[in-house]
2 protein chains.
Amino acid sequence: MDQAKSPNIHHPFQQSFPTVARMPSTPITEHLAYLLAQANREINRQLDARFKKEGVPVEQWRILKVLSDGKGHSMGDLADAVLLNHPTLTKMVDRMVSDALVYRVQDPDDRRKVMMFISDRGKTLTQRLNSLALSQEAHIAENYGNKATADLKRLLESLIEKAN
Amino acid sequence: MDQAKSPNIHHPFQQSFPTVARMPSTPITEHLAYLLAQANREINRQLDARFKKEGVPVEQWRILKVLSDGKGHSMGDLADAVLLNHPTLTKMVDRMVSDALVYRVQDPDDRRKVMMFISDRGKTLTQRLNSLALSQEAHIAENYGNKATADLKRLLESLIEKAN
DNA sequence: AGGAAAATATTGAATATTCAACGATTCCCG
DNA sequence: CGGGAATCGTTGAATATTCAATATTTTCCT
């Protein structure tokens, strides 16, 4: 009866009381990093829920959106724009090529580069996703307030700018 | 010479011009979801850089910080508090148990539950991490402004609250 | 010109995360 | 009380991400 199946489980008698006064330190919920993570997670979750029926993750929407200017974008530029590192982007683009949402064209001016383009299929999907995203933004603005939303965006932009 | 080694690469002649006027739609950089992702990513990157010398990912710091109230926290509560889903938390805690930063105690009142506690080793590490995190916050407040930082935190808190 | 260094994208192995299923325990209610 | 449903945490398989190494092409320097 002593050695149960779960490893790593102590039994309760080892509670030790702190011998020195514990300096409380700020709770995690007051750190900017935590608040950003939490807000980001929540907004993303909501957006993902809306995209669910199209079966497209948020990152692919970002890629499509960047490409929907119709110009070619190199993988490097795209990676920066959509906040993905290079290998992750390569693999995600592979999937999108399989789904015929985007295609690769070798840049004739610099043959190291690959220019990404959006396909017609990608464009029509993007439109559907955009309207889902817009409806989410509207929903946020609705019960969070237009002013708060605008203020928040402005502050975030400024933070990002300063952080670089 | 026709069939090169790279698959999926079209050659440039297939550029098609849009036949209908393209509605520009808002750029990705103006979406709240994108701004949050970008800010979160950047702040996290900076924090991770500071934690680098301790070799601890941000998530572990969050776990340690929550546990440093000295009370026991169930895995479920912890998962909510540190924004990780259950299996991910279980595996991260496994590593932290190996590193003797935390330990598990079976809850005697509800034997389905496991209560997590921080070890002494975990506590001293937490102190070092806290001071790194504080110095980051100070650095942010410094060239972003105390007011902006406070405003941003307030807005984020309110967004999170509304979103639930 | 020629060769070292830098830039670009991809690959493969190692690592991490997620999803679904499970085992154990407790709760609920007839 | 008894047994089905709910809760809690973990596991294993599938999937995704990351790190380091690679191949290719271009740039730079002398």
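By convention in this document, chain letters (A, B, ...) are assigned in the order of the sequence lines, proteins followed by strands, and residues within each chain are numbered from 1. Computed from a prediction, not measured in an experiment: that's the story for all the values here.
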With five pairs defining each end axis, the helix from dA1(C)-dT30(D) to dG30(C)-dC1(D) comes out bent, to 10°, by 30°

If only side-chain N and O atoms of Ser74(B) are considered, is one of them under 4.0 Å from the OP1 or OP2 phosphate oxygen of dG9(D)? yes

Side chain of Lys91(B), base of dT18(C): donor and acceptor closer than 3.5 Å? yes

Between dT18(D), dT17(C), dT11(D), spot the one nearest the side chain of Thr90(B), thanks. dT11(D)

Specify the separation, in whole Å, of atom CE of Met92(B) and atom C1' of dT17(D). 14 Å

Starting at CG of Leu84(A) and ending at C1' of dA9(C), how long is that distance when rounded to a whole Å? 15 Å

Just by distance, do the side chain of Arg121(B) and the backbone of Asp99(B) share a donor-acceptor pair under 3.5 Å? yes

Same apolar cluster (I L V M F W Y, side chains within < 4.5 Å links), Ile140(B)/Leu152(A): yes

The reported gap from CG in Asn40(A) to CZ in Arg41(B) (rounded to nearest 0.5 angstrom) is 11.5 Å

Quick one: does any side-chain atom of Ser74(A) pair with a main-chain N or O of Met115(A) as donor and acceptor, under 3.5 Å? no

Measuring from the side chain of Arg111(A) (C-beta onward, heavy atoms only), which nucleotide among dT8(C), dT10(C), dT26(D) has the closest atom? dT26(D)

With respect to the phosphate group of dA23(D), does any side-chain polar atom (N or O) of Arg112(A) fall under 4.0 Å of OP1 or OP2? no

Assign each of Pro87(A) and Gly76(B) to its nearest nucleotide of DNA chain D by heavy atoms, then name whichever residue's nucleotide is nearer the 5' end. Gly76(B)

Heavy atoms from C-beta onward define the side chain here; which of dT17(D), dT26(D), dA9(C) lies closest to that of Thr88(A)? dT17(D)

Using whole Å, what does the distance between atom C1' of nucleotide dT17(D) and atom CZ of Arg41(B) come to? 12 Å

Ser158(A) side-chain N/O to Arg154(A) backbone N/O, donor-acceptor pair under 3.5 Å: no

Charged N to carboxylate O under 4.0 angstrom, Lys147(A) versus Asp151(A)? yes

Hey, which sits more toward the 5' end of DNA chain D by its nearest nucleotide, Asn85(A) or Asp110(A)? Asn85(A)

